[in-house]
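Remember, it's a predicted structure, so these values are computed and weren't measured experimentally.
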Amino acid sequence: MKGAGGRRGADVGADVGAAYDASASAWGGRPSRVYARLSAALLDTAAPRLVAGARVLDLGAGTGVASVAALERGAASVVATDLATRMLHRVPAPVRAVVGDAARLPFPDGSFDLVTAAMVLGHLPDPLAAAREARRVAPALLASAFDPDWSHPAKVAVDAAMAQFGFEVPGWYRQIKEHAAAVEDPVVLTGLARDAGYEEVRVARVEVDAGLEHAGAVVEWRWGMAHLAPFVATLTPVERARARRAAEDVVAGMPPVVVPLLVLSAC
C-alpha cells in the first residue's frame with residue numbers, strides 16, 4: 001500500500017502538523033473528550049492483554065488521550081510522539097512527549113512492547129511506512145480507523161454553516177481524507193499489517209457513543225477539529241456568537257453521534 005510520496009507527501013505532512021499545532025487549545029476541549037472515548041474503545045476491544053505492564057509508544061498522540069487510556073489499563077510506561085509540538089505540550093505527566101515523524105521514528109529497534117495508533121494511519125502520506133516503523137520499534141500494534149460507511153450529518157452541516165462566515169475547507173484536509181479512505185477498510189488494514197511484518201492480525205468493528213449530549217457539544221466537537229479551529233479563532237466575538245447560533249441551529253434535532261470504528265490488533 002502506498003501513500004503520497006516525495007515532496008507532495010512531505011508538504012501534506014507539514015500542513016497537517018501546522019494545522020494541529022494551531023488547533024491545540026481548541027482540540028484540548030471537546031475533541032479530546034470524544035477521542036478519549038475512541039481511544040478507550042481501541043484499547044478495550046483490540047487486545048487488553050497486550051497493554052498491562054507494557055512499554056507503550058502512542059503514535060500520532062496529539063494531546064495524549066490514548067496515552068492516558070494505556071496508563072489507566074496498566075501500561076508500565078508511555079511515550080507520546082507527534083509532529084504537532086503544541087499538541088504534545090498538553091500531554092499529561094507521567095507520559096513522556098517526543099516530537100517525531102511516524103515514518104522515521106527517533107527510537108532504536110525494540111524500544112517498546114506495544115505501539116498504539118489511535119485514528120492516525122489515515123492522516124499519514126504513507127501508512128505502510130509508519131506501520132513498518134511501528135513493527136521495528138515494538139512487536140505489537142493496536143490501531144483504529146473510521147468505518148468506511150460512517151458519516152454523520154453534523155460534519156457536513158457545521159462546515160456548511162461556517163462557509164456562510166467565510167470558511168473554506170483547507171486543501172490539506174481534502175488530501176488526508178483521500179489518504180484515510182485508503183485505510184478505512186478491514187481488508188486493507190489487514191493487508192497493511194501483514195505487509196509491515198505482523199503475523200497475527202485481527203480487525204474488529206465496534207460502535208462508540210461520542211458523548212455529545214446536546215447541539216452545543218456537537219458544535220464544540222466540530223469547532224475544535226484541526227481543519228476548522230484556526231478559522232473559528234479568527235472570528236470576532238460578535239461573529240463567533242452568530243456563527244455558533246447558526247451551527248447549533250443546523251445540528252439541533254440530529255441523531256446522536258455514534259462512531260463505528262475499525263480496530264486492528266497485530267503482533
Side-chain angles (χ1 to χ4, degrees), residues 1-29 31-32 34-36 38-39 42 56-70 78-93 95-108 111-112 114-138 141-146 169-180 182-183 192 196 224-231 233:
M1 176 180 182
K2 296 181 181 179
R7 186 69 248 157
R8 181 178 174 227
D11 288 345
V12 173
D15 289 345
V16 173
Y20 275 87
D21 261 341
S23 307
S25 178
W27 182 273
S32 280
V34 171
Y35 276 75
L38 302 182
S39 296
L42 165 63
V56 177
L57 175 65
D58 183 7
L59 189 68
T63 58
V65 291
S67 300
V68 172
V78 182
V79 174
T81 188
D82 202 297
L83 281 176
T85 305
R86 293 178 187 171
M87 295 283 276
L88 289 177
H89 287 167
R90 305 184 72 88
V91 171
V95 178
R96 183 165 68 96
V98 177
V99 177
D101 185 337
R104 291 179 293 277
L105 292 171
F107 307 106
S111 297
F112 303 93
L114 172 68
V115 172
T116 60
M119 314 306 299
V120 68
L121 293 178
H123 285 62
L124 304 176
D126 192 341
L128 178 56
R132 285 174 172 162
E133 274 291 89
R135 181 67 182 82
R136 180 181 66 78
V137 301
L141 169 67
L142 304 182
S144 56
F146 292 116
V169 177
W172 65 262
Y173 185 71
R174 297 183 188 278
Q175 290 188 39
I176 67 165
K177 285 301 179 183
E178 295 175 5
H179 297 158
V183 300
L192 177 72
M225 303 300 285
H227 75 292
L228 195 49
F231 168 78

Where is the tightest heavy-atom contact between G60 and V120, given as atom of each residue plus distance? CA-CG2, 3.7 Å

For the residue pair V115 and A138, what are the closest heavy atoms and their distance? CG2-CB, 3.8 Å

Quick one: pull up OG1 in T81 and CD in E133 and give me the separation to the nearest 0.5 Å. 10.5 Å

For P106 and G100 the tightest heavy-atom approach is CD-CA, 4.2 Å

Run V98 and F107 through side chain to side chain contact (heavy atoms under 4.5 Å, CB included) and show every step you take. CA-CA 10 Å; V98 177; F107 307 106; 4.0 Å; yes

Quick one: CG on L192 to CG on L128, what's the gap to the nearest 0.5 Å? 5.5 Å

Gap separating the CZ atom of R96 from the CG atom of L88, nearest 0.5 angstrom: 11.5 Å

Is there a donor-acceptor pair closer than 3.5 Å between any side-chain N or O of R90 and the backbone N or O of W27? no

How close do A19 and P230 get, heavy atom to heavy atom, and via which atoms? O-CG, 4.4 Å

Can you tell me how far apart NE2 (H89) and CZ (R86) are? Round to the nearest 0.5 Å. 9.0 Å

What closest approach, in Å, do S67 and D58 show between heavy atoms, and which atom pair accounts for it? OG-OD2, 2.6 Å

Within the distance-only criterion (no hydrogens, no angle test), does the side chain of S111 pair as donor or acceptor with the backbone N or O of V137 below 3.5 angstrom? no

Determine whether H227 and W172 make a side-chain contact, defined as any pair of heavy atoms from C-beta on separated by less than 4.5 Å. yes

With sequence neighbours excluded, residues passing salt bridge (charged side-chain N to carboxylate O under 4.0 Å, His left out) with D101: R104

For V91 and G62, work out which heavy atoms get closest and say how close. CG2-O, 3.5 Å

Could you grab the distance from atom CG of L83 to atom OH of Y20, nearest 0.5 Å is fine? 12.0 Å

Could you grab the distance from atom OG of S32 to atom CE of M87, nearest 0.5 Å is fine? 6.5 Å

Is any side-chain heavy atom of M225 closer than 4.5 Å to a side-chain heavy atom of S23? no

Decide yes or no on side chain to side chain contact (heavy atoms under 4.5 Å, CB included) for L59 and L105, but give the supporting numbers first. CA-CA 9 Å; L59 189 68; L105 292 171; 3.6 Å; yes

For the side chain of S144 and the backbone of M119, is there at least one donor-acceptor N/O pair under 3.5 Å apart? yes

